[in-house]
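This report refers to the structure that appears directly beneath it.
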Amino acid sequence: MNVLDGRRFLGLLAREGFVEASSPEEAGLILLNTCSVRDKAEQKVYDRIGRLAKLKRDHPGTVLGVCGCVAQQEGESLLERLPHVDFVLGTGRIEALPSILRRVEEEGDRPCETGFDLDEVVYTPGAIARAVPHRAAITVIEGCNKNCTFCVVPRTRGRERNRRLRDVVNEAHRLIDEGALEIELLGQTVNAFRDPETGADLADLLHAVGALPGLRRLRFVTSHPRNFSRRLVAAMAETPAVVPALHLPVQSGSDAVLRRMKRQYARAEYLDLVAQLRDAIPGLALSTDVIVAFPGETADDFAATLSLLEEVRFAGVFSFTYSPRPQTAALRWEHDITPPEASERLARLEALQQDIQRELNRALEGQTLEVLVEGLDRKRRFSSGRSRCNRVVNIAGESALPPGTLVNVQIERGFPNSLLGRTQEQEREQETDKDSANGYPGDRQTLPDPGAARPLGISSNSF
Ligand code: SAM
């Protein structure tokens with residue numbers, strides 16, 4: 001969502017005649033698009049603003065704006081505390097960027113625009129500078145009506161506002177005409193989507209977008225388990241473009257913790273939903289978010305989370321230690337788990353999850369997966385992309401496949417965070433030339449995981 005907001009800024013600025021600078025020193029305008037979901041992310045923003053103070057002294061004409069969730073959360077107080085910040089722009093006011101810049105430049109104002117239009121998503125699809133043509137995200141619902149006791153998002157993104165189904169479908173249609181093979185529908189609780197006029201839900205939207213000719217992959221993120229209907233499970237199963245991958249944050253495996261988090265489901269309900277999904281969608285790759293060391297999490301609660309991971313066997317887990325956030329209910333609760341204990345729990349969870357991912361990915365060896373090429377792998381040796389189940393696949397011996405190419409890759413090796421394989425064409429070449437130098441001859445123990453940029457399976461609390 002933040003990435004898409006960044007592309008919206010770039011698109012709006014391009015309409016005003018701005019072009020991207022190659023460095024902050026060269027820029028006439030610097031925008032910080034910020035995240036405040038955990039304290040560490042917020043502190044990074046202040047570090048960055050502090051470092052930009054020197055740049056502003058050397059280049060007094062440079063305009064510095066703070067945007068995104070920290071802007072929404074802190075508002076005017078940022079301007080009071082940070083004299084070198086020229087304006088503050090909240091997540092619900094992105095479209096005001098051009099008028100804010102005029103106020104700064106022409107009137108010498110230091111504007112602060114925050115808040116939300118309650119009924120409508122204000123969004124100009126034509127003004128989004130898409131990074132690549134073959135993959136695009138589309139916002140379908142903004143904001144969040146859940147009140148999870150740990151989460152700052154309802155405050156930084158406001159209450160739910162839905163787009164109209166027909167506007168989303170029109171946008172998808174245009175993007176496919178411009179070359180999109182994969183579309184990702186976005187929302188904080190994307191499966192709470194309701195067309196404000198017709199009441200159509202995400203199941204209807206999957207059918208409608210999935211029917212557009214030329215679309216190869218359709219995903220949606222993030223789903224809340226509570227809002228997952230049987231209709232939605234069926235729509236996923238019935239729509240060929242919908243990929244067999246789903247992000248379904250569970251947060252904890254302990255009922256006591258889930259209750260205190262106000263997640264509105266119990267462990268057994270989550271597991272029942274997983275069973276329904278797996279019944280309907282063969283090969284479904286599930287990923288999730290987990291918070292460890294939530295206030296009051298006992299050793300037994302934590303053990304219940306580990307056992308849930310063992311039971312579900314997620315293809316990927318984003319795991320975080322609990323971070324107290326402003327104006328959340330949990331902030332007031334006694335936090336009795338020390339940071340070293342919290343880190344130790346996180347490390348145990350990550351180690352378990354790495355073992356699970358290694359096993360799951362090894363089980364894919366020998367299978368042929370369709371891969372959408374994204375670029376080069378981390379070491380810039382091989383072309384790399386994503387399978388339909390959203391796994392990172394590196395293609396041995398290939399380094400020149402253009403981003404956006406779809407290739408079938410036979411998987412030779414499964415690592416915890418990525419797969420390694422060859423295109424079927426290479427396979428045939430190898431059969432006729434056994435001495436091919438493209439090989440990966442090492443043994444299983446010593447071969448490094450080639451990894452990739454932010455694989456699905458990465459576990460991290462460093463966001
Ligand atoms: N809307 C999604 C949902 O509720 O399922 C999640 C949105 S949040 C941007 C992404 C993830 O950050 C959450 O699923 C949660 O695991 C994590 N998170 C949110 N608040 C947190 C906090 N206070 N401390 C640690 N992790 C947090």
Side-chain angles (χ1 to χ4, degrees), residues 1-5 33-44 68-70 72-73 91 137 139-161 184-193 202 220-228 246-254 257-258 260-265 269-270 273 286-297 302 305 308-309 314 316-333 335 337 339 342-343 345-346 349-350 353 454 456 458-463:
M1 194 164 286
N2 282 11
V3 171
L4 181 60
D5 287 351
N33 186 18
T34 63
C35 170
S36 68
V37 75
R38 282 169 290 279
D39 185 56
K40 196 164 176 179
E42 190 177 337
Q43 292 316 318
K44 269 194 202 167
C69 290
V70 175
Q72 183 61 45
Q73 181 183 296
T91 53
T139 293
V140 304
I141 174 170
E142 287 187 339
C144 182
N145 285 1
K146 299 277 180 294
N147 267 312
C148 301
T149 54
F150 54 82
C151 193
V152 77
V153 168
R155 214 178 134 220
T156 57
R157 292 266 172 195
R159 291 188 64 76
E160 285 174 2
R161 286 109 47 212
E184 185 166 47
L185 305 175
L186 286 186
Q188 282 298 334
T189 309
V190 69
N191 54 342
F193 169 76
L202 186 64
F220 52 97
V221 74
T222 297
S223 294
H224 192 288
R226 175 75 188 197
N227 293 70
F228 224 100
L246 180 68
H247 190 64
L248 195 64
V250 65
Q251 314 297 1
S252 170
S254 151
V257 174
L258 289 172
R260 281 204 304 283
M261 288 178 164
K262 273 220 177 118
R263 286 295 288 179
Q264 305 177 26
Y265 53 83
E269 288 166 315
Y270 185 90
L273 175 57
L286 279 169
S287 56
T288 200
D289 294 342
V290 171
I291 297 178
V292 303
F294 187 69
E297 184 190 75
F302 177 61
T305 299
L308 183 118
L309 260 48
F314 292 102
V317 174
F318 293 87
S319 49
F320 317 97
T321 51
Y322 167 70
S323 168
R325 303 311 296 133
Q327 290 186 32
T328 55
L331 182 68
R332 297 187 300 272
W333 301 344
H335 190 25
I337 305 166
S343 302
R345 285 184 190 180
L346 185 69
L349 184 144
E350 286 178 347
Q353 182 57 27
R454 303 257 339 145
L456 170 80
I458 208 161
S459 285
S460 164
N461 70 338
S462 63
F463 183 61

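Atoms considered below: every heavy atom in the structure, side chains included; atoms not considered: hydrogens, waters and symmetry mates. As the structure lists them, so they are numbered: ligands from 1, and atoms in each ligand from 1.
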Check Gln251 against ligand 1 and report side chain, backbone, both or neither, counting heavy atoms closer than 4.0 Å. side chain
Checking contacts here: is it the side chain or the backbone of Val37 that comes within 4.0 Å of ligand 1, counting heavy atoms only? Could be both or neither.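 Looking at Val37 and ligand 1, atoms from backbone and side chain both fall under 4.0 Å.
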Return the closest protein heavy atom for [atom] as residue, atom name and distance.
atom: atom 4 (O) of ligand 1; answer: Arg263 NH1, 3.2 Å
atom: atom 5 (O) of ligand 1; answer: Pro249 CG, 3.3 Å
atom: atom 7 (C) of ligand 1; answer: Gln188 OE1, 3.5 Å
atom: atom 25 (C) of ligand 1; answer: Thr321 O, 3.4 Å
atom: atom 11 (C) of ligand 1; answer: Asp289 OD2, 3.4 Å

Can you tell me if CZ on Arg226 sees more than 12 non-hydrogen neighbours from other groups inside 6.0 Å?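 Atom CZ in Arg226 is not packed in, count stays at 12 or less.
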If I take atom CD from residue Gln264 and atom NE2 from residue His224, how far apart are they, to the nearest 0.5 angstrom?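 Between atom CD of Gln264 and atom NE2 of His224 there are 5.5 Å.
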Could you list which atoms of ligand 1 come closer than 4.0 Å to a heavy atom of Phe320?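 The atoms of ligand 1 under 4.0 Å from a heavy atom of Phe320 are 12 (O), 16 (O), 17 (C), 26 (N).
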Name the orientation class of the two ring planes belonging to [X] and [Y] (parallel below 30°, tilted from 30 to 60°, perpendicular beyond 60°).
X: Phe294; Y: Phe150; answer: perpendicular
X: Tyr322; Y: His335; answer: perpendicular
X: Phe318; Y: His247; answer: perpendicular

What I want to know is whether [X] and ligand 1 share at least one N or O pair that is separated by under 3.5 angstrom.
X: Tyr322; result: no
X: Phe150; result: yes
X: Arg38; result: yes
X: Ser323; result: yes

Give a yes/no verdict on a cation-pi contact between Arg38 and Phe320, requiring under 6.0 Å between NZ or CZ and the six-membered ring centre and an angle within 45° of the axis.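 Positive - Arg38 is close enough to the ring of Phe320 and near enough to its axis.
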Hey, does the side chain of Arg157 reach the backbone of Glu142 with a donor-acceptor pair shorter than 3.5 angstrom?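 Not confirmed, Arg157 side chain does not pair with Glu142 backbone.
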Does this structure show an ion pair linking Glu42 with Arg325, if we count only N-O contacts that are shorter than 4.0 Å? yes
